Amino acid sequence: MKILVTGASGQLGSTFKSLVSGGHAKDLDFVFKSSSELDITDFDEVRTELVSSDYAYCINCAAFTNVDKAEAENDLAYKVNVTGARNLAMNCNESKTVLIHISTDFVFDGFLNTPYLEEDIARPIGFYGDTKYKGERAIINNLEEHFIIRTSWLYSEFGHNFMKTMLKLGAERDELSVVYDQVGTPTYALDLANVVLHIIKAHSIEYGVYNYSNEGVASWYDFAKAIFDDYKIDIDLKPILSTEYPMPAERPKFSVLDKSKIKNTFGLEIPHWKDSLKVALKAYSKINI
Ligand SMILES: NC(=O)C1=CN([C@@H]2O[C@H](COP(=O)(O)OP(=O)(O)OC[C@H]3O[C@@H](n4cnc5c(N)ncnc54)[C@H](OP(=O)(O)O)[C@@H]3O)[C@@H](O)[C@H]2O)C=CC1
Ligand SMILES: Cc1cn([C@H]2C[C@H](O)[C@@H](COP(=O)(O)OP(=O)(O)O[C@H]3O[C@@H](C)C(=O)[C@@H](O)[C@H]3O)O2)c(=O)[nH]c1=O
């Protein structure tokens with residue numbers, strides 16, 4: 001069974017590569033395409049790749065993910081996150097390929113105080129979240145055979161992410177301030193990739209939108225504290241308000257996802273974020289000896 005991975009050089013794409021090279025996807029024939037090998041904003045390129053081959057699945061790891069830059073680079077963020085998603089959906093429809101697309105907790109405004117369900121109203125407060133939501137709609141409107149998985153606060157030993165930023169800053173500084181009034185759930189990219197593999201191996205036809213994150217709840221401060229404690233970094237870590245850490249894009253204050261649907265549909269047990277963080281830090285330390 002042939003599987004196309006777009007945006008293959010990013011954090012999640014690299015995680016899939018590591019799973020495949022580690023022998024965790026033995027009967028699956030993965031084809032990895034980085035942005036320079038397949039530009040998802042180019043309809044004809046996408047069409048040529050999908051229609052001339054016999055991909056059973058396309059896992060879309062390609063996205064414009066810089067939340068702050070998206071506020072200034074509206075056109076590019078829209079092109080990648082909306083036009084790119086639509087190009088994939090339209091061509092997957094023609095090539096009879098199931099599209100597995102990754103979306104985000106940032107489609108929500110963060111005004112709820114109980115975990116978000118898939119059917120809760122999406123009302124993004126930033127341009128990144130807005131384009132991700134429009135990308136979801138473009139897929140739903142053009143392709144029935146889709147899985148859209150909304151995840152949150154993705155991190156890993158690969159690419160750019162909060163865990164690696166904290167480890168870098170922790171090595172450079174004696175003190176650091178991190179916001180504690182944004183609450184969500186960190187998600188280890190390897191756990192997400194394994195769930196995607198699980199869905200593929202199950203040949204599921206339960207198409208639709210699903211939430212997936214690790215279990216548990218944290219503020220970014222809690223997440224940073226756990227990173228420093230587990231990695232034994234001695235630093236004076238201060239909890240601050242978002243107003244004390246101004247950024248171009250506003251983030252939702254609360255974006256915990258309810259995972260009942262994905263757990264019940266696929267019989268999953270989801271690791272707690274604190275347990276997965278330990279696994280990720282071990283993997284990171286192996287790469288960065
Ligand atoms: N990171 C996070 O915290 C979260 C991410 N998500 C979602 O998860 C998915 C994966 O994220 P993650 O791996 O962290 O993101 P990354 O930014 O690490 O990777 C995205 C990849 O997409 C590629 N890309 C950009 N534009 C194009 C294009 N036009 N055509 C093809 N590829 C392109 C980038 O390539 P290049 O570097 O060459 O530009 C990059 O390799 C995304 O959909 C994201 O929205 C959801 C929740 C949290
Ligand atoms: C580096 C740093 C960040 N922060 C704050 C800023 C921000 O509010 C919060 C998170 O920082 P980041 O900018 O790294 O993360 P951010 O870009 O907000 O992460 C988001 O990315 C997109 C792609 C998603 O889809 C989301 O799920 C989420 O993971 O931590 C501090 O308070 N102190 C610091 O030293």
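Both counts, for ligands and for their atoms, begin at 1 and track the order of listing. From a predicted model like this one, the values you see are computed outputs, not experimental measurements.
Between L12 and ligand 1, at least one N/O pair is under 3.5 Å apart. Checked against a 3.5 angstrom limit, the closest N/O atoms of V80 and ligand 1 fall outside it. Among the atoms of F64, none of the N or O lies under 3.5 angstrom from an N or O of ligand 1. At least one N/O-N/O distance between K132 and ligand 1 falls below 3.5 Å.
Closer than 4.0 Å to atom 3 (O) of ligand 1 lies at least one heavy atom of the protein.
Regarding atom 7 (C) of ligand 1, its nearest protein heavy-atom neighbour is I102 CG2, 3.7 Å. At the top of the distance list for atom 18 (O) of ligand 1, counting protein heavy atoms only, stands Q11 N, 2.8 Å. In this structure, the protein non-hydrogen atom closest to atom 47 (C) of ligand 1 is T151 O, 3.3 Å. Atom 5 (C) of ligand 1 has its closest protein heavy atom at L154 CD2, 4.0 Å. Counting only heavy atoms of the protein, atom 15 (O) of ligand 1 lies nearest to T65 CG2, 3.4 Å. Closest protein heavy atom to atom 41 (O) of ligand 1: G10 N, 3.0 Å. Protein heavy atom nearest atom 30 (N) of ligand 1, with residue, atom name and distance: I40 N, 3.0 Å.
If you check each of G184, S35, A85, C61 against atom 20 (C) of ligand 1, the one with the closest non-hydrogen atom is C61. Atom 34 (C) of ligand 1 has its nearest heavy-atom neighbour, among S9, G129, A63, S213, in A63. By heavy-atom distance, the residue among Y128, F106, W153 lying nearest atom 44 (C) of ligand 1 is Y128.
F30 and F32 have parallel rings, their planes meeting at less than 30° on a 0 to 90° scale where 60° marks the start of perpendicular. Aromatic ring orientation, W153 versus W220: parallel (interplanar angle below 30°, classes split at 30° and 60°).
Side chain to side chain, Y188 and E157 meet the donor-acceptor criterion of an N or O pair below 3.5 Å. The closest side-chain donor-acceptor pair between S156 and Q11 falls under 3.5 angstrom. Between the side chains of S276 and D191, at least one donor-acceptor pair of N or O atoms lies under 3.5 Å. Side-chain polar atoms of T48 and E45 form no donor-acceptor pair below 3.5 angstrom. Looking only at atom types and distance, the side chain of Q182 has a donor-acceptor partner in the side chain of S242 under 3.5 Å away. Defined by atom type and a distance below 3.5 Å, a donor-acceptor pair is present between the side-chain atoms of N60 and T6.
Residues D230 and K232 are not paired through a salt bridge, judged by the lack of any N-O separation under 4.0 Å between the basic side chain and the carboxylate. Remark: R47 engages E94 in a salt bridge, criterion side-chain N to carboxylate O under 4.0 Å. Using a 4.0 Å cut-off between charged side-chain N and carboxylate O, D75 and K79 make no salt bridge. Remark: K2 does not engage D29 in a salt bridge, criterion side-chain N to carboxylate O under 4.0 Å. With salt bridges taken as basic N to acidic carboxylate O contacts below 4.0 Å, none links E136 and K132.
Taking the six-membered ring where the residue is Trp, the centroids of Y116 and F108 are separated by under 6.0 Å.
In D39, the parts holding a heavy atom less than 4.0 Å from any atom of ligand 1 are both the side chain and the backbone. The proximity of S103 to ligand 1, defined as any non-hydrogen pair under 4.0 Å, is limited to the backbone.
For the pair G84 and ligand 1, no heavy-atom separation below 4.0 Å is found. Within the 4.0 Å heavy-atom cutoff, L38 counts among the residues contacting ligand 1.
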Mind listing the N or O contacts between ligand 2 and protein, cut-off under 3.5 Å?
residue  : atom   : partner : partner atom : Å
ligand 2 : 8 (O)  : Q182    : OE1          : 3.1
ligand 2 : 8 (O)  : Q182    : NE2          : 3.0
ligand 2 : 13 (O) : R251    : NH2          : 3.2
ligand 2 : 17 (O) : R251    : NH2          : 3.3
ligand 2 : 18 (O) : R251    : NE           : 2.7
ligand 2 : 18 (O) : R251    : NH2          : 3.3
ligand 2 : 25 (O) : T104    : OG1          : 2.8
ligand 2 : 25 (O) : Y128    : OH           : 2.9
ligand 2 : 27 (O) : D105    : OD1          : 2.6
ligand 2 : 27 (O) : W153    : N            : 3.0
ligand 2 : 29 (O) : W153    : N            : 3.4
ligand 2 : 32 (O) : V179    : N            : 2.9
ligand 2 : 33 (N) : S177    : O            : 2.9

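Of all the atoms in ligand 1, the ones that sit under 4.0 Å from a non-hydrogen atom of T41 are 29 (N).
For N142, there are no side-chain hydrogen bond (donor to acceptor under 3.5 Å, both in side chains) partners at least two apart in sequence or on another chain.
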